[in-house]
Amino acid sequence: MLIPMGGERMTDKAKPVLDLGRIDEIVSRHKGREGALLPVLREVQDFVGYLPREALERVALGLGLSLSKVYGVATFYTLFYTEPKGRHVIRVCESAPCHVQGAREVVEALQKELGVSFGETTPDGRFTLELVSCLGVCGVAPAIMVDDRVYGNLTPETVVAVLQEYR
Amino acid sequence: MATVKLTIDGIPVEVEAGTTILKAAEKAGVHIPTLCYLEGIHEVGACRVCVVDTGAKALQAACVTPVAEGMKVLTNTPAVRKARRMTVELILSNHPTECTTCVRNLNCELQTLAESLNIRSSRFAGERPEWPVDDSSHSIVRDPSKCILCRRCVSVCEKVQGVKAIGPLNRGFQTVIGPAFGDDMASSVCVNCGQCVLVCPVGALYEKDGIQKVWAALADPSKHVVVQTAPATRVALGETQGMEPGSIVTGKMVAGLRRLGFDAVMDTDFTADLTIMEEGHELIERLTKGGVLPMITSCSPGWIKFIEHFYPDLLPNLSTCKSPQQMFGALAKTFYAEKKGIDPADIFSVSIMPCTAKKFECERPEMRDSGYKDVDVVLTTRELGRMFKEAGIVLDSLPDDDYDPPMGLSTGAAVIFGATGGVMEAALRTAYEVVTGEPLADVNFKTVRGLEGVKEASVNLKGTEVRVAVAHGLSNARKVLDRVRAGDAPWHFIEIMCCPGGCIGGGGQPIPTDTEVRQKRIAGIYTADERLAIRKSHENPAIQAIYKEFLGKPLGHKSHELLHTKYTPRGRYAIHYRDKKVAD
Amino acid sequence: MHFYRAHVLVCAGTNCSLRGSRAVRERLAGELARRGLDGEIKVVETGCFGLCEQGPTVVVYPEGVLYCRVTPDDVPELVEEHLLKGRRLERLLYRETAAKAVQTVPQMDFFQGQVRVVLRRCGVIDPDSVEEYIAHGGYQALGKALTQMKPAEVVEEIKASGLRGRGGAGFPTGLKWEFASKAKGDVKYIVCNADEGEPGTFKDRLILEGDPHAILEGMAIAGYAVGARKGYVYIRGEYGLSIQRLERAILQARELGLLGEDIFGSGFGFDVEVRVGAGAYVCGEETALFESLEGGRGEPRLKPPYPTEVGLFGKPTVINNVETLANVPPIIQNGPKWFRQFGTERCPGTKVFTLTGDIVNEGLIEVPMGITLREVIFGIGGGIPGGRGFKMAQTGGTSGGCLPVQLLDVPMDYDELAKVGAALGSGALLVMDDTHCIVDIARVFARFFEHESCGKCVPCREGTMRIHEIVCRIATGEATPKDLDNLEALARTMALACLCPLGQAAPVPVMTTLKYFRDEYEAHIYEKRCPTGTCRTLAGRPALTAAGKGV
């Protein structure tokens, strides 16, 4: 979510090729609705994997919004990414109920196993580790989410086992 | 209108329903300190400095909370005082403490606030995000680590100027204001108008410094340093030394510039008159020979960059005339150099402008028609004020002095360029007489004057009705341009000035520049106009002379070479077209 | 109509799903088919039953026998013993105490103490079946409202019931509806706030997963009452299953004419749209929710004007929590007097609580308002596991107050808890035993708010950061006594000066832990000692040991 400063300089870097037609289709489907920006960003991110510059410019163009507005919205929310992430995003709950049930040890095991800290992606591009607020599954604390799936009742051992499913 | 009775610190006051507590307190003679509040532009109650006790569970922001019947407002209870001080301390905990070397030292709203609240310590030392200074732009420097996130700049850029180049990014403590994707200003759609600089309460936004280059040139014996001064500077420069806004300090400014060591002190107003000659004839040609209409003025570089980004399809509507600054620059290193027998390579050309966008304008690659960079450095009115202070020049003690020939004589039509509607009025004064062949009964065209966002008028030129529109502030420009684009524009000629109020409200003018200050400066401009002997551009003998000696005739070959220009279509989201397929 | 001789209900709420209830259900279906029993015995996937700690749970009706921690491998024996031979499978029965094995749901203390109004269908019906919803009394209330009552009468009924908002603020729902119904304008909205971000709260998730039509019915009734024709449900982005179930329910309702034009031929039309959040706790605040729904950053607006005057898209809006709306159909159906038989005079009705932390029966319960903290924790909650001592209970989520043992007999309702500086809030209850460090948990609270502050107003944006920094310093033994003074002063100011309830509530856990557990803070500061041995230096090494020696 954090933007690195000094994004665009006068020289362009090579950018991934984007299916603009698909983005246009998403925009046109939502266009008539009020407050279309968030649903559009969600769908575009689902499709592209994250929200690169070209996609946001296309969304801004289609919805008639400034790029400042679109980017300002994209960077406000934890579930939107403007930088490419690893193939799988691991979200670890950092809130009190999980903490009381031993989240700290689970976090340490994860960090040790992956060799990265929060906000970072493993060198092989497989996992990105994020620290997030309550996931709403406190009944099975401590819990994490990997992409859309929730895993609960974790211990330092079982959380490493979960990672195996994704290797 | 219904009224409401309430008390402020026990003082009874009656105000119209819907009035804010802040205004009601003012009426009661109670001053509530504010910080992010900027009347008419930014009223969001976000900084929480102006909180007061209204009896509610939490304190309310006085600047945005409407009064209620029987409300008992307390502005100075221990809890309120503590809350206010704490808020300021928290801002200070995330703000650099090097006031003495900051560009806004002694003119900073945070300093004033801390002083008035008697803050003697800041209890909360902690992390401060280190954002790098962005000095990529020719015009405006951003220093996000000084930013207090009041977001006035965002309001002005979004609502008043309709450019939306900057906005809040990230969330919480990581929030920062800037262009999308962390772009630097130079790559963004910022038009350099500097309205953000005018509203910034602290030193997070300021103009790119040109002073050092000017000192160096003045000290270089091999350089012949020439200076031109814009119309709008002469009614505002006095403010840098405590004078009332609108004080006409023309003669003193010239004397001061001479004291600084400029070899020739000449006037942008001269080339303003020249612009009227060229542009007036251009309009007449388009009207009579079926050129692209409506024609739109082109002297405001912030406006030019705006149309290049957002309305590139309307570029053919722009007059091809350069701005007075750039016409002067081209002539200084050709006509003037020739006349004075100076090698143009030795001429260092400086301009004093109310404008930050002019710094970008002088760097435009096409502004080299003299064979050299036509204008070397642009200084804002504020920068000149700083130079005078540094050199110990006291305006009050200076005798009035006159501009140097051959480019120092100007008319009332030129000086009114500084106000919104001024270019239009000046053009009409000339166009009327050129087309009808008759003298104007009244040179004043009051219908195009004033602070209304979009003004319309029509003038009868010997049976032909010429309809005109005047817009100032780029959101108002959009209104006019959208109609032109839609083919729904009834006008022949449009004046657009980037800044609210026109150049007198420019991004380089002394801070504060609010509505009241703008009005005073405008009054000064029209007073200066009335005081001048000659009020119409075509009657300026120096103008007649330059055509006779050098240019030939308006729109002639020499004019096209030196006084007219081309424009550059730009991307909607960045300085270049990044990828035509993507965003256009 | 097919008649089954038994129903086997498998809890498929998120918590049980995470423990493998899907595999259990599939094994059950397979086993019954294998034995040719699938024509007589139906397997139903239901929403959360509430006994999350014991999941996956299976309940066999008509007896109501509850089996706990069922694994797929248990299934053949379960089918053989219970469904074929009619014998209880003892080893999987719920054990309230070591000695007493409880057999049926009605016999369980866990359920005895509960009054399941909002949760009455959760764990009972198949949430994907609108027919089951209707069979269980669904849409009767809407029918009654539309065909037998005037809008103003509906408002009066809700007012008379005394229902108060269940999202946290506890504002009288009837009054809110009345303001909105009186507001001028043709276009009004009903918004269901399902952005449940308060840590420790997962009731809305499970209500939406277990009984989605109840929300639609509640919203339609609200729409009728105030004159709104459109509703939005704003669900947080992390709640995938809730979103799915609700969207399916909407389609089902539309198909049956229970949403859309001219419902029940009354001339009243109402439709609902789901909007999904994107990960911001602050969007649970009503005006921030509007900003987000309108496609912007979730930054709260100033109040006044209030949502019932100027709300979503600038129109009069009623915004209610999921649980509040779930209470509406039963109130309309049974009347305000029925509702008032539960709870207290000023806080009638029931409240869904989510029990988390060091408590035996982690999960979801619904009890009358006014029940004491002690009864919840040590009665229905089953007490502290491992026989450890009770240290602290935080009510209302991370923005709620922390209560020590001396306040265990406070009745749980909005007003009583407010009197002791705590808050009922969303009904989240976090229990901590004496092995945890107060400063450590305060640090976690502070980190949460620093992460979730929207950044618009100075006291919250800067204050949450500074609070976090100070508490971290206290935790690592680097703080001075001045830090404690500053912390208190900062907390007091934030509660008064912040623009929105997030900032105003952020210092509450710090203030209450300081009030009731000051000695622990002081031990960290003056003695560089962590009494429970939990706190470490930033480098991760234990710096503060229970014995007070630094490392």
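Treat the numbers as computed from the prediction; the structure is a model and nothing was measured. Just so you know, these numbers use all the heavy atoms, side chains as well, and skip hydrogens, waters and symmetry mates. Chain letters run A, B, ... following the sequence lines, proteins first, then strands; residues in each count from 1.
With salt bridges taken as basic N to acidic carboxylate O contacts below 4.0 Å, none links C:Lys482 and C:Asp485. Remark: C:Arg447 does not engage C:Glu450 in a salt bridge, criterion side-chain N to carboxylate O under 4.0 Å. Taking the charged nitrogens against the carboxylate oxygens, B:Glu14 and B:Lys27 have no contact shorter than 4.0 Å, which rules out a salt bridge.
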Does B:Arg48 form a side chain to side chain contact (heavy atoms under 4.5 Å, CB included) with B:Gln60? I'd like the steps, not just the answer. CA-CA 8 Å; B:Arg48 314 307 286 176; B:Gln60 305 291 309; 5.8 Å; no
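A distance of 6.0 Å separates CZ in B:Arg85 from CG in B:Asn118, rounded to the nearest 0.5 Å. Going from atom CZ of C:Arg466 over to atom CZ of C:Arg461 covers 10.5 Å, rounded to the nearest 0.5 Å.
There is no contact between C:Cys460 and chain B, counting heavy-atom distances below 4.5 Å. Residue contact with chain B, scored on non-hydrogen atoms closer than 4.5 Å, involves the side chain of C:Leu302 exclusively. The parts of C:Leu490 that come within reach of chain B are both its backbone and its side chain, each placing non-hydrogen atoms under 4.5 angstrom from that chain. Contact annotation for B:Ala125: only backbone heavy atoms (N, CA, C, O) come within less than 4.5 Å of a heavy atom of chain C.
Top candidate by heavy-atom pairs under 4.5 Å with chain C, chosen from B:Val80, B:Leu90, B:Leu59, is B:Leu90. Contact count against chain B (heavy-atom pairs under 4.5 Å) is highest for C:Glu299 among C:Arg473, C:Glu299, C:Lys303. By number of non-hydrogen pairs under 4.5 angstrom with chain C, the leading residue of B:Ser93, B:Ala79, B:Ala56 is B:Ser93. Counting heavy-atom pairs closer than 4.5 Å to chain C, the top residue among B:Asp53, B:Leu149, B:Ile148, B:Leu35 is B:Leu149. Listed options C:Cys457, C:Gly463, C:Pro305, C:Gly298 were ranked by heavy-atom pairs under 4.5 angstrom with chain B; first place goes to C:Cys457.
A donor-acceptor pair is defined here as one N or O able to donate and one able to accept, closer than 3.5 Å; such a pair exists between the side chain of B:Asn107 and the backbone of B:Ile511.
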